[in-house]
Amino acid sequence: MTMRAIVVPFLFCLVFVALGTKESELKRCKHQCKTLQQMPEYQEEKCNEMCEKLYHSEKQKEEEISSFFPYKGREEEGEVERENNPYVFDEHHFITGVETQHGRVRALPKFTERSKLLKGIENYRFEILEANPKTFVVPNHWDADAVLFVAQGRGTLSLVRKGKRNSFNIERGDIIRVCAGTTAYLINRDNNENLRIHKLLIPVSTPGQFQHFFGPGGRENPESFYSAFSSEILEAALNTRRDKLQRLLGQEREGVIIKASEEQIRVMSKHEEGGIWPFGGESKGSVNIYRQRPVQSNQYGQFYEVDDSHYKQLGDLDISLNLANITQGGMLGPIYSSRSTNIAVVVDGEGYFEMACPHLASESGRQQGSEEREPRIGLSYQKVSSKLRRGMVLAIPAGHPFVAVASTNQNLQIFGFNINARDNEIVPLAGRNNVMSQLEREALELGFGLPAREVEQIFRSQQEEFFFQGPGGQWSGRAAA
């Protein structure tokens, strides 16, 4: 037999090991070596060796990654791994809508496509735009309201609405409201750094669905929406001959994100930082979250918030924004939000998070043969956990207690879009002023079944607030905005 007789069945094994858990898929890979194509014994041995090499290579990679974090990489019993976790979204969950040599635009699918547990945010979408230095994003509009957060870089954003064009320079930390139907375009005016913008979109036409509409364009890449109309309509509407319209709309373009010349960048960058909002208000076109006074701050981190009192453009959306900058080795929480569901994205750094979820616990019970249709109140909680790295997205429902921990070698920054922000309260579960320390002694005694003095001693031991030293070692350095 030729080498192909080994390679072909081994390709099946690669798929099995890649998709499954390590030990079980190693066994399955070896089983395929034994059964596929009835290989002679010596070739079966070579196939088994390949399985072992793949297994140990993958395991070593996992161990190397785990070493960066201040906790053991092994999943404990009852813990939900990231791949089976409806609240965590990684790189492979994104759909790439646009990708060129100069940048890309990626979006998460509807949240309810991942789990019905996220039905409360099914009409919200999340998108990331990344543009290389000295590039231009072609003008377009969306059938959705949007809130933008500049996670990295410097750019110039232009908006056209109500017959007016407003252009202003944006930078890291800026938050911008863009109303549905507003024609928007931008440049990355930096010579070296990529521009990265996170978008929360609220569709106004089809629930949970939104589209980009490109006016400037050609036959394709991008296609102009003008080309959808008949020639007769365009000739009449634009008062232009058909041959000129064909020249305008018949060419193939270079893409949605294209290179711009130094002169074009220079001209389009001549604007005031932040700009003045031209659409019926005196507030700035953007607000920078790093320039706000932190609402919580100590040696283990800072917490910033922006709501409609800081930025009036958020008023009708019932959305607020926050940013947690957790010092290396520090932790945020445990806390929970009373009303808001938080769509949080890791802006920078590494770490991990844990969350208590009653819904997954009840689903697990039903899968194990429980005959109950509804879980009993307070029956159990599933620990949801995941490692965190830049670009990952979390959906943290209202009422769910959670904690975020920074790795011991770098800070962790998490930016959050809070849905249903009006009258929301962030409730601390540890530290000074934690909710348990507000209860009467009798309530503590009855609730925990221990003498009140014992319970009070536990919940009053931590003197820090909101941010604490994490479980992974001593604090070193101060978080920097």
Side-chain angles (χ1 to χ4, degrees), residues 61-76 79 82 85 87-91 149-153 171-173 193-194 196 198 288-305 321-336 342 344-355 383-394 396 401-416 426 428-432 434 461-481:
K61 287 180 184 177
E62 185 176 283
E63 290 173 351
E64 287 174 356
I65 292 173
S66 297
S67 67
F68 285 103
F69 298 95
Y71 80 118
K72 295 182 179 180
R74 301 182 181 87
E75 305 294 342
E76 300 176 12
E79 183 175 348
R82 186 172 69 247
N85 181 350
Y87 301 108
V88 177
F89 300 84
D90 210 340
E91 176 83 18
F149 171 69
V150 183
Q152 177 184 325
E171 62 183 4
R172 173 179 171 262
E193 191 174 28
N194 285 359
R196 192 168 81 252
H198 301 308
N288 193 290
I289 197 165
Y290 291 112
R291 296 193 185 122
Q292 307 304 308
R293 183 187 298 274
V295 294
Q296 296 286 349
S297 179
N298 61 23
Q299 59 185 340
Y300 305 115
Q302 298 89 42
F303 189 79
Y304 305 86
E305 281 186 328
L321 303 311
N322 60 39
L323 186 137
N325 184 40
I326 309 172
T327 307
Q328 57 189 60
M331 61 185 279
L332 161 67
I335 58 174
Y336 70 85
N342 187 292
V345 57
V346 180
V347 175
D348 204 7
E350 295 175 332
Y352 70 98
F353 103 112
E354 294 182 359
M355 183 176 76
K383 180 173 74 171
V384 175
S385 67
S386 173
K387 298 171 186 175
L388 298 176
R389 59 176 175 271
R390 195 177 81 166
M392 291 180 64
V393 177
L394 307 172
I396 305 173
F402 75 97
V403 63
V405 184
S407 69
T408 54
N409 57 7
Q410 59 182 304
N411 294 354
L412 175 65
Q413 290 197 14
I414 303 176
F415 181 84
I426 297 178
L429 300 174
R432 291 199 321 270
N434 73 79
S461 292
Q462 176 60 263
Q463 295 305 304
E464 297 291 349
E465 190 170 9
F466 215 77
F467 293 98
F468 314 110
Q469 179 175 303
Q474 295 297 315
W475 165 79
S476 59
R478 181 179 176 81

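Values below: all heavy atoms of this structure, side chains included; hydrogens, waters and symmetry mates excluded. All residue numbers in this chain count up from 1 along the given sequence.
Between Phe149 and Phe415, the distance separating the two ring centers is shorter than 6.0 angstrom.
Looking only at side-chain heavy atoms (C-beta outward), Phe402 and Ile335 come within less than 4.5 Å of each other. Proximity of Pro401 to Met355: side-chain heavy atoms (C-beta onward) are nowhere separated by under 4.5 Å. Between Phe89 and Met392 the shortest side-chain heavy-atom distance does not fall below 4.5 Å. Side-chain atoms of Gln462 and Phe468, non-hydrogen and from C-beta on, do get closer than 4.5 Å to each other. Leu388 is listed as a side-chain neighbour of Ile414, based on a closest heavy-atom distance under 4.5 Å. With a 4.5 Å cut-off on side-chain heavy atoms, Glu464 and Gln469 do not count as touching. No side-chain heavy atom of Leu323 sits under 4.5 Å from any side-chain heavy atom of Leu321. Looking at Asn322 and Tyr304, their side chains never come closer than 4.5 Å, going by heavy atoms from C-beta outward.
Ser407 places no side-chain N or O within donor-acceptor distance of the main-chain N or O of Gly351, the cut-off being under 3.5 Å. Although no hydrogens or angles enter the test, the distance criterion places a donor-acceptor pair under 3.5 Å between the side chain of Arg196 and the main chain of Val347. A distance-only check finds no donor-acceptor pair linking the side chain of Asn409 to the backbone of Gln328 [under 3.5 Å]. Ser386 places no side-chain N or O within 3.5 Å of a backbone atom of Glu354 that could act as its donor or acceptor partner.
Looking at Val346, Leu412, Asp90, Asp348 one by one, the single match for side chain to side chain contact (heavy atoms under 4.5 Å, CB included) with Arg389 turns out to be Asp90. Each of Arg390, Arg172, His198 was scored for a side chain to side chain contact (heavy atoms under 4.5 Å, CB included) with Gln152, with one residue passing: Arg390.
Nearest approach of Tyr290 to Gln413, heavy atoms of both residues: OH-OE1, 2.8 Å. In this structure, Phe466 and Ile426 approach most closely via the heavy-atom pair CE1-CG2, 3.8 Å. Nearest heavy atom pair, residue Val405 against residue Met331, reads CG2-CB, 3.9 Å.
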Where do Gln410 and Glu350 land on the side-chain contact (heavy atoms from CB on, under 4.5 Å) test, with the steps shown first? CA-CA 7 Å; Gln410 59 182 304; Glu350 295 175 332; 3.4 Å; yes
Going through the distances and angles, do Gln292 and Glu305 end up as a side-chain contact (heavy atoms from CB on, under 4.5 Å)? CA-CA 8 Å; Gln292 307 304 308; Glu305 281 186 328; over 6 Å; no
Please assess Phe353 against Val88 for the test side-chain contact (heavy atoms from CB on, under 4.5 Å), listing each intermediate value before the final yes or no. CA-CA 10 Å; Phe353 103 112; Val88 177; 3.7 Å; yes
Verdict with reasoning, Leu394 to Tyr87, per side-chain contact (heavy atoms from CB on, under 4.5 Å): CA-CA 6 Å; Leu394 307 172; Tyr87 301 108; over 6 Å; no
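Summarising the geometry, atom OH belonging to Tyr300 is positioned 14.0 Å from atom CG belonging to Asn411; distances are rounded to the nearest 0.5 Å.
Counting heavy atoms of neighbouring residues, nucleotides and ligands inside a 6.0 Å radius, atom OH of Tyr336 does not exceed 12 of them.
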